[in-house]
Amino acid sequence: MDAFKENLISLITSFIREKNKQDIDREEAEKLIKTPPDASYGDYSVASYYLAKYGFKGKTGDVASEFLNYAQTNFEQIKDFFSKIEIKGPYVNFFVHKEKFIRVIVEDVLKHDNDYGRSLPRKPEKVIIDFSSPNIAKPFGVGHLRSTVIGMSLANIYEFCGYNVLKINYLGDFGTQFGKLITAFCRYGDIDFHEFEKDPIKALYGLYVRIHKEAQTDLSLEEDARLNFKRLEENILKYRRALEKHLENLQNSANIQKKEDECPDIKITAENKSAFCGTGTGQYDIWRLFRSLSIEEFKRIYNLIGISFDVYEGESQSAEFANEVVEILYKSGLAAESEGAIIVPLKDMKTPALIAKSDGTSLYLSRDIVTAVLRMAKYNYDKMIYVVGSEQSLHFNQLFNIFDILRDNKDIPNNNPIFQKYASSVSGRLVHVKFGRIIGMSTRKGNLVFLEDYIDEAKAKAMEKIAGIAKDDKLSLEMPPTAKVNPSYEQKEIEDIALKVGLGAVIFNDLKTRRNTDVNFNWDNVLSFEGQTGPYLQYTAARIGSLIDKLGGLPEKPAGAESEGVYRIRREDEDFSDIYNIAKQISLFGDNIQGALNLNEPSVISSYILELASLFNKYYQNYRLLGRDYEYIKPRLYLLAAIKIVLINALKLLCIPILERM
RNA sequence: GCGUUCAUAGCUCAGUUGGAUAGAGCAACAGCCUUCUAAGCUGUGGGUCGCAGGUUCGAAUCCUGCUGGACGCACCA
């Protein structure tokens, strides 16, 4: 927060304390300060009707005068920051010393650099962010991209704000669907094993689609799949460890984790396939192979889009203990049998939660109960965020509800020390960060879109742009290739820029709107690089960098007292008010990061940074710096550097690649 | 049927958590590159904030009802 606002907060708190003997904390006071809708009203305003809450019951006009009077007579230091204070209706409007404001903000940004915008929490909390979580039986599509980039961005934001963040990818590697997959793999005799090695995900998806289609007419397939899943789960249980042992291993070293992720030495060929399919352990090996091949492929894609995880987990790891938890709940009477399945009646919810199927196998929900408890034992989190689509709201409500029940029933009989110790403390720490669906998503050919193809498409579009070739005939006539738009690049650099621009477009497209709204998918919107897009932001940052270079580079940062003159931009200069607007926008960065954090909403930062980029581009277009006196240029160089720092800090939070030139 | 959620310019979306005159970007039209990157900038047109009530000094924002869409609702995840 800037010194100007700090000062106003002090004014408000002391006004309320002296006049009405009430204490108001600084956060409350900050909420009373608003930015007027139009700059001609002032830079900050305090609305007197808000003060009624703190004991000022008079007419709003009278309260406003009282406040103004107090500010002028009892709060001398206010004059150091504000040049004018005036009343307009119920509002008391403050006008800052603009020269000073610009100076203070620019200096502040340069001083903090990569850390600008950061504010540390009172006590650092441990936050787990569970996101992306692709399903091994399904393609990594655009729906998963949303969870992936929202989760990654939230992780960046929490980390930036001083939280201890753990990024977990909870792979969908279990469930009846894998019974289906095994059924498909074993049933079809025409599997191309070469294709399988080359692109396992696509091959698996092929199987998935095929079996689903066939299952609609051949009902025995479903039956077969369920049976195969039951066998799979039984095999997992065969290797089941004691819960404590499991945790001990996990905590002991990263090696265990690594070992579990490693590709098992399993080779399945057309010749030996039937041997694998014939036994339960053989099927278990098939599943293990599918799983590890998929994880490798996922990692390759994450690497491509610049995203990383601290931990890869899978549902199968929780499946080991799901039955045990179901048993505890059942024995304690919190769960009951219904139509052969096990259910938990919930508080304030009509439909009970189903935690075990009638054939005894586990469900998503029961595995999630285990996972949350295990993670509590392992990481002792203060908060765990699930970044999952809104269509799973009911599931998470059920999950949270069950933990509320466990909190209220701490003493249920059970002989599992881990569950006993941690299950009751999970309640209240889980958050479902949901997001809307993407509607009408399909390739131009009409199928579901794989992430990589999606990125390729964006990259190709960027290539065209760089090469100055427009697809549209009309455009290509009007837009000859120009060296000016695209300085001569090496082919390799073109590829690199195109990929980053493509990623910028695709990622920003998922982060620019509020999570909750469903987005109508439209190729033209995603592949647009103009206006409110990622490339616009990347372009703006690159442009500033280029401008700074052209102006001779950023001089040494002045230190301390000397700085006043150096950063000074004069009131009389023609660009003064535009620069002030930029400084004003810069000063709001920290507030916007906090807003994004509080709402778990990266789009707050997106909107903010688009506005800053727009202000800069207007400035750039309206005022020319090259060729001016260095005296004039110098303070503006610092300003440019400050804008660039904020842009880059924001782009990093949004997982958008940064380019030096484009 | 029940639950969740959404409805703002032709399209995609913001809207400081109830405050001053509802804003951007696309698209359309008219302009701006021998001069700092035109992935940019300037201007014009475009609104019954789904509809109807209510709450109060004040509503796009809160409450109720209605209409319309999306999603979910017992052995998928």
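Bear in mind the structure is a predicted one, so any value in this text is a computation, not a measurement. Proteins come first, then strands; the chains are lettered A, B, ... in the order of their sequence lines, and each starts at number 1.
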Just wondering, do A:Tyr91 and B:rA20 stack (centres under 5.5 Å, planes under 30°)? yes
Please evaluate the base of B:rA74 for a donor-acceptor partner in the side chain of A:Ser338 within a cut-off of under 3.5 Å? yes
Do any side-chain nitrogens or oxygens of A:Thr513 fall under 4.0 Å of OP1 or OP2 in B:rC13? no
Establish, with yes or no, whether the OP1 or OP2 oxygen of B:rG15 is under 4.0 angstrom from a side-chain nitrogen or oxygen of A:Arg514. yes
A:Ser316 side chain to A:Asp173 main-chain N or O, any donor-acceptor pair under 3.5 Å? no
Let me check something: any side-chain donor-acceptor pairs from residues 625-632 of chain A under 3.5 Å, sequence neighbours excluded? List them with distances.
unit_1, atom_1, unit_2, atom_2, d
A:Arg628, NH1, A:Glu574, OE2, 3.2
A:Tyr632, OH, A:Glu574, OE2, 3.4
A:Tyr632, OH, A:Asp575, OD2, 3.1

Taking only the side-chain nitrogens and oxygens of A:Lys434, find out if one of them lies under 4.0 Å from OP1 or OP2 of B:rC71. no
Going by 5.5 Å between centroids and 30° between planes, is there a stack of A:Tyr41 over B:rA20? yes
Base, sugar-phosphate, or nothing: which does A:Gln392 touch, judged by heavy atoms less than 4.0 Å apart? base
CD1 of A:Ile582 to CG of A:Leu615, rounded to nearest 0.5 Å, is 6.0 Å
Need to verify one output field. Residue with the more 5' nearest nucleotide on RNA chain B, A:Ser362 or A:Tyr536? A:Tyr536
Can you find a donor-acceptor N/O pair under 3.5 angstrom joining the side chain of A:Gln621 to the base of B:rG40? yes
Among B:rA39, B:rC36, B:rC2, the one nearest any side-chain atom of A:Leu626 is B:rC36
For nucleotides B:rA52 and B:rA7, find the distance between their C1' atoms and express it as a whole number of Å. 16 Å
May I ask you to say what A:Ala353 touches in the nucleic acid, namely base, sugar-phosphate or nothing, with a heavy-atom cut-off under 4.0 Å? nothing
Between B:rC51 and B:rG45, how many Å separate the two C1' atoms, rounded to a whole number? 28 Å
Can you check the distance between B:rU61 and B:rU56, where both ends of the measurement are the P atom (answer in whole Å)? 16 Å
Between A:Val46 and A:Arg543, which is nearer to the 5' end of RNA chain B once each is assigned its nearest nucleotide? A:Val46
Remember a base hit wins even if backbone is also touched, and classify A:Asn592 as base, sugar-phosphate or nothing at under 4.0 Å, heavy atoms. nothing
Think A:Tyr619 has a side-chain N or O under 4.0 angstrom from the OP1 or OP2 of B:rC36? no
Do the numbers put A:Arg367 on top of the ring of A:Phe174, so that NZ or CZ is under 6.0 Å from the six-membered ring centre and no more than 45° off the axis? no
Selection from B:rC36, B:rA20, B:rA39 that lies nearest to any side-chain heavy atom of A:Pro37: B:rA20
Interatomic distance, NE2@A:His432 vs CG@A:Asp130, rounded to 0.5 Å, equals 10.0 Å
Taking A:Arg437 first and then A:Asp518, would you say they form a salt bridge - that is, a charged N and a carboxylate O separated by under 4.0 Å? no
Pair A:Lys5 + A:Asp591: basic N to acidic O under 4.0 Å: yes
Could you tell me whether A:Pro90 contacts a base, only the sugar-phosphate backbone, or nothing, with contacts defined as non-hydrogen atoms closer than 4.0 Å? nothing
Measuring only the P atom in each nucleotide, how far is B:rG19 from B:rC63? A whole number of Å is fine. 15 Å
Report yes if the ring of A:Tyr49 lies under 5.5 Å from the six-membered base ring of B:rG19 with planes under 30°, and no otherwise. yes
Taking only side-chain N and O atoms of A:Arg367, does any of them lie within less than 4.0 angstrom of OP1 or OP2 on B:rA77? yes
Rounding to the closest angstrom, what is the interatomic distance between B:rU16 and B:rU35 at atom C1'? 40 Å
Under 6.0 Å between the ring centres of A:Tyr91 and A:Tyr49? yes
If you only use heavy atoms from C-beta on, which nucleotide in B:rC41, B:rU37, B:rG69 is closest to the side chain of A:Tyr539? B:rU37
If pairs are Watson-Crick or G-U with both distances under 3.5 Å, what is the dot-bracket string of RNA chain B, marking crossing pairs with [ ] and pairs to another strand with |? (((((((..((((.....[...)))).(((((.......))))).....(((((..]....))))))))))))....
Rounded to the nearest 0.5 Å, how far does OG of A:Ser614 lie from CD of A:Gln585? 9.0 Å
Is there a donor and acceptor pair, one atom on the side chain of A:Thr176 and one on the base of B:rA77, closer than 3.5 Å? no
Spacing of the P atoms in B:rA60 and B:rG53 (rounded, Å): 14 Å
Of the candidates B:rC41, B:rU16, B:rC36, the side chain of A:Lys618 sits closest to B:rC41
Between B:rC6 and A:Arg437, is there an OP1 or OP2 to side-chain N/O distance shorter than 4.0 Å? no
So does A:Asn525 reach the base of B:rA27 with its side chain, donor to acceptor, closer than 3.5 Å? no
